[in-house]
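When reading the values below, keep in mind they use all heavy atoms of this one structure, side chains included, and skip hydrogens, waters and symmetry mates.
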Amino acid sequence: MFVQALSFGYNRPYFESLTDGRILVNVPFKLGLSVVSSNATWTSVSGNCQFKDTGSYVGSSITSTSQVTALCTSVNNEVISVYKDGDTSATDSLVIPIEQGPCFRWYSTDTLSSTGKLYVWIIDPKMASQSELDGSAIVPSSTSTSITRALYGMGEFPIIGGLNATGLLFDNLNNYWTFNVTSSVYGPLTYTVSGQGVQLLNCAAASSKSVAYYNNRTWTLSTASVGSSSLSYFRVYQSPCNRGILATTSHLFGDGILSVSYNLKRFGLYSVPPGLATGNNLTSIVFTNSTMVILSNGKIASGESTMSLASGTASTLTHLTGPNVCDTISNTFMNQVVVTWNKNSLASNSQLQIYVSLDGGKTFSTATLDVTTGSYVQDVEIVSSAQRLCVLIRDGSVDKTVLVSLQGQTIGTSSNGYTFSSFGLDNGKGSTLGFGQSTGLNVFCFGDKLGYSPDGGSVFFEVLLYSLDPQRPASGLGATEYITQVITSDNARFAVLTSNNRVFYGIVGAAEAYELVSGIPVGLARLIFDPLDQLIYLSPNASSPYVNQRLIPSANQFLVPRWPDNTKAVQNVCPFDGWSIELAKMVYLDKNQTTCYPYTGTDITFSVTNADLITVTKKNSSLCLSPKATQTGAIDLRVEPAQMNLGCTSGAKQVVVELGCPPSRSIAYIVPSYTTYYTYHYPYTTSSVSMLKPTPTSQCNGQPTQVNGQSYDCLQYGTPIPVYYGQVFVPKFALFDNNGFVDVVQADMTVFEVNGKSISFNTTHKQAGCKTKQSVTESTVGQYTKCFTSGSISESDLSSAYPILNASNYNGIKWTNAQNGLYLFRAYVADQSYSFCNLTTTFAVIVDKAPLGVGVSLGIVMGVVAFAVLVLGTSYVIFARSKNRSEKEKQE
């Protein structure tokens, strides 16, 4: 990346990229200069800028009182200087990023369904169509057609990462590649497009990142044509659960008409639903994770596909707000919270009402706030992580917050939060106080200044806004300037828009934000973050596409000092580059578990919500997480560079840490190893242990079969382990996560024979040191408590078997009165302090060389005696007959 100094004269400029948000070497970009009160001559040094006002570009100098635009080009990374009336002494130097840029780049677009097509081709950013540069193109331009066909003929083809894309084909008629794409997940899905590196004229197509919009929410609204309005306004409403869904209203569309897009690219015009009056009373629109909610003419309509009037509110309403974030892990009902109120309704009898819906705006209940008589509601923020509302109240001449809890999907109690008296949030400039789009426990409140709360509205701090305008103080807004919008991204960035259309940019939690040199021209404007966390400037248009968009290249100019010259070194090494391993947006943390995540960089800062649940420490370039408590909960963890600079392109990383049972966590019986038959090696302490897996063997062949006359399924339970009757059997167990070994289970466990066969244990309650009888059954495992606390136990119970196994106590199973054959066991982790999971596993053993039972032994003895008697009797008979025969022979 190249760093280029841009010098300019009086008043605030802005620059606009013509190439997908980046400023490239040898590629023109726009430089906008403010309106002046009298004729001014703008001059470009070295002629590298061409000027125009209301007409066409006229050359490297212009005299005008109108808005002047310069088309500038950085040829060899030289300084671009623009002066007013030749006055070089009143010049401020700013830094903007100048990139060499790729020759070609991959471009892609998609159809909008769960089973659709992806269309891919190659563009040249210097010669691409405007629709290709702003991402709205659905067919290649003529230049892109030639480049794509040429590279296809040379063996190039695209590779898609992050989507289930199959069936690659090249469309010879339209000159693009197509993929079949399927997804079980709805919403914006980010993916990458890369190729084989085939070169054309020493240029290869650079990889690109894009978004596929798979939407399962569409609303039945009547299409409309452009109407008329007596007002001037532009309002923007974005879905928190699908950032591709955007609704806007403007006087350019007409009263009672909204423009809706499901992919941030193509917009249509629609009328408000039946039952809501048209006119300029279309006040607000919010989205939950399943519904659209519209406030018009004091009434509310909502729905998941078709719209119907809501119930339970006052007859006249003026304001509406919905969730700013989606899918808070522990509190999914917060995605459905919608709040409405009448700002013109003053508190009477020290009470004020707002109306809260917990079902996406279909039905509302009343929440009563205890405030001073005459107070009214300014704004309401839904703080999902804390399951509460933060209500901004004007109490006489004082602004303050009231916190309203939402407990278990019910409206709870309210309490006072913060009183705005320490900094001038409302200095009478004409601002409308309100909350900015917030995430986690972070709440922004704005007016003439910017306030930030890290704890959901209990306390606020001022965030300083640093200007790049040489005619203004280094910090703060102008004399009549105030804030009109604050938004935040999923990546913990925030952007501020002022009444003068200046844009400030910062990291959530930082004490300052800096103006972006790529500002916005005078006129109606709003800001959004797209699904790639790119900052987008929007403005209305009376004809299709109805909403103009421009990417503000904020990532490379976050911290832009007011340098007196362009010789000062630029710090471009970011102290935090990201995680060293790929982290999901949500990770699990179990009881008594410390997990460390390595990061790349030199210095970071971090913050968490619900800090009473978790301990976070830095150790050897890793961030280690440990639970403090045994209750479940969700924590938003935000990690960011200790000092932001031009080298930081990704900013903060945010991840949700769920204290709970990891869905892939399990235990398994450890298969013992043998040196001699029936001699086990314990304990196991390394990952070299093997768990009992359903491995087909010659004994079972992997199919249900008979083991010693008993039906048994080796596929389900694994190969039975041979055990010797005369030796105590001490089973050991291992903890696994995603089939990876974690540790040998050290917690208390118990086992039960599935078929009710009799077993015993070699340790008694007395030997274990029990103070009470340890009684545990399969149905009461979850209520297990240790027996070593105070209590009483009888002598007979002291001599009874102690049924708890532990990796350290070597208690084991005795085969007293057992028989040869198959024993099927179900093992449980009994100690509830070990894991949030209910950990259990099943394994089998075959007992061998068991002594014969008493009945069998008695039968054998009796059989032997009977046989002996029979032999003696038979011998006697034979002897007697032989003797009689001999006597007869003598007598004869």
Asks: Is Ser499 reaching over with its side chain to a backbone N or O of Tyr482, donor-acceptor style, under 3.5 angstrom?
Replies: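 Checking the backbone N and O of Tyr482 against the side chain of Ser499, a donor-acceptor pair under 3.5 Å is found.
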Asks: Side chains of Asn541 and Ser539: is there a donor and an acceptor less than 3.5 Å apart?
Replies: no
Asks: Just wondering, do Pro540 and Thr248 contact through their side chains at under 4.5 Å, heavy atoms?
Replies: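 No. Closest side-chain heavy atoms not under 4.5 Å.
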Asks: Might you work through the side chain to side chain contact (heavy atoms under 4.5 Å, CB included) test for Val486 and Phe504, ending with a clear yes or no?
Replies: CA-CA 9 Å; Val486 178; Phe504 295 83; over 6 Å; no
Asks: Taking Ser208 for the side chain and Trp106 for the main chain, is one N or O donor matched with an acceptor at less than 3.5 Å?
Replies: yes
Asks: Quick one: list whatever passes ring-ring contact (aromatic ring centres under 6.0 Å, His included) with His251, sequence neighbours left out.
Replies: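 Partners of His251 under the ring-ring contact (aromatic ring centres under 6.0 Å, His included) test: none.
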Asks: Working to the nearest 0.5 Å, report the span between OH of Tyr466 and CD of Glu515.
Replies: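 Spacing of OH (Tyr466) from CD (Glu515) equals 14.0 Å.
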Asks: Hey, does Leu450 have a side-chain heavy atom less than 4.5 Å from the side chain of Ile483?
Replies: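 Touching, per the 4.5 Å side-chain cut-off.
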Asks: Restricting to non-hydrogen atoms, name the atom on Thr43 and the atom on Ser61 that form the minimum distance, rounded to 0.1 Å.
Replies: OG1-OG, 3.8 Å
Asks: Thr41 vs Ile62, test: side chain to side chain contact (heavy atoms under 4.5 Å, CB included). Steps then yes/no.
Replies: CA-CA 5 Å; Thr41 299; Ile62 192 173; over 6 Å; no
Asks: Tell me every residue that passes ring-ring contact (aromatic ring centres under 6.0 Å, His included) with Phe446, counting only those two or more places apart in sequence or in another chain.
Replies: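 Per chain and number, Phe446 pairs via ring-ring contact (aromatic ring centres under 6.0 Å, His included) with no residue.
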Asks: Please give me the minimum heavy-atom distance between Tyr237 and Ile285, naming the atom from each residue.
Replies: CD2-O, 2.9 Å
Asks: Restricting to non-hydrogen atoms, name the atom on Ser271 and the atom on Thr223 that form the minimum distance, rounded to 0.1 Å.
Replies: OG-O, 4.3 Å
Asks: Name the orientation class of the two ring planes belonging to Tyr107 and Trp121 (parallel below 30°, tilted from 30 to 60°, perpendicular beyond 60°).
Replies: tilted
Asks: Begin from the C-alpha positions of Arg526 and Thr484 and carry the test side chain to side chain contact (heavy atoms under 4.5 Å, CB included) through to its verdict.
Replies: CA-CA 9 Å; Arg526 300 300 277 176; Thr484 58; 4.1 Å; yes
Asks: Do Asn242 and Phe287 have side chains that get closer than 4.5 Å, going by heavy atoms?
Replies: no
Asks: Determine the minimum heavy-atom distance between Cys49 and Ser44, stating which atoms define it.
Replies: N-OG, 3.0 Å
Asks: Side-chain contact, heavy-atom cut-off 4.5 Å: Asp448 with Leu477?
Replies: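 They are not in side-chain contact.
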Asks: Parallel, tilted or perpendicular: which fits the ring planes of Tyr176 and Tyr119, with parallel below 30° and perpendicular above 60°?
Replies: perpendicular
Asks: Just verifying a value: how many Å separate Lys449 NZ and Leu465 CG, rounded to the nearest 0.5 Å?
Replies: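 Here the interatomic distance stands at 10.0 Å.
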Asks: Does the side chain of Ile487 come within less than 4.5 Å of Leu535's, by heavy atoms?
Replies: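 Side chain of Leu535 against side chain of Ile487, heavy atoms only: contact under 4.5 Å found.
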Asks: Scan side-chain atoms only and decide if Thr143 and Ser141 contain a donor-acceptor pair under the 3.5 Å cut-off.
Replies: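 Judged by distance alone, the side chains do not pair up.
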Asks: So which atom in Asn501 and which in Ala525 form the shortest heavy-atom distance, rounded to 0.1 Å?
Replies: ND2-CB, 4.0 Å
Asks: Please round to the nearest 0.5 Å and tell me the distance separating atom CD1 of Ile528 and atom CZ of Arg243.
Replies: 8.5 Å
Asks: Quick check against the 3.5 Å criterion: does Glu132 have a side-chain atom that pairs as donor or acceptor with the backbone of Ala137?
Replies: no
Asks: Quick check for you: to the nearest 0.5 Å, what is the distance between Leu258 atom CG and Arg235 atom CZ?
Replies: 12.0 Å
Asks: Out of curiosity, Tyr537 OH to Leu527 CG, how far, rounded to the nearest 0.5 Å?
Replies: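 Between Tyr537 OH and Leu527 CG, I get 9.5 Å after rounding to 0.5 Å.
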Asks: Check whether more than 12 heavy atoms from other residues, nucleotides or ligands sit under 6.0 Å from atom NZ of Lys209, and answer yes or no.
Replies: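 No, NZ of Lys209 has 12 or fewer neighbouring heavy atoms, counting only those of other groups under 6.0 Å.
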Asks: Could you tell me the separation between the CD1 atom of Ile552 and the OH atom of Tyr505, rounded to the nearest 0.5 Å?
Replies: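 It comes to 10.0 Å.
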Asks: Do Asn175 side-chain atoms and Arg149 backbone N/O form a donor-acceptor pair below 3.5 Å?
Replies: no
Asks: Would you indicate whether the side-chain heavy atoms of Trp177 and Ile122 approach each other to under 4.5 Å?
Replies: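 Ile122 reaches Trp177 side chain to side chain.
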Asks: Given side chains that start at C-beta, do those of Leu252 and Phe234 come closer than 4.5 Å, heavy atoms only?
Replies: no
Asks: Hey, does Ser108 have a side-chain heavy atom less than 4.5 Å from the side chain of Val120?
Replies: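 Contact flag for Val120/Ser108 side chains = yes.
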Asks: Please report the C-alpha distance between Val508 and Tyr452 in whole Å, then the side-chain angles of each, then the deciding distance to 0.1 Å, and finally whether the side chain to side chain contact (heavy atoms under 4.5 Å, CB included) criterion is met.
Replies: CA-CA 9 Å; Val508 175; Tyr452 164 73; 3.9 Å; yes
Asks: Which atom names give the shortest non-hydrogen contact between Ser261 and Arg266, and what distance separates them?
Replies: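 The pair with the smallest heavy-atom distance is OG-O, 2.9 Å.
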Asks: Tell me, please, which residues at least two apart from Cys445 pass disulfide bond (SG atoms under 2.5 Å apart).
Replies: none
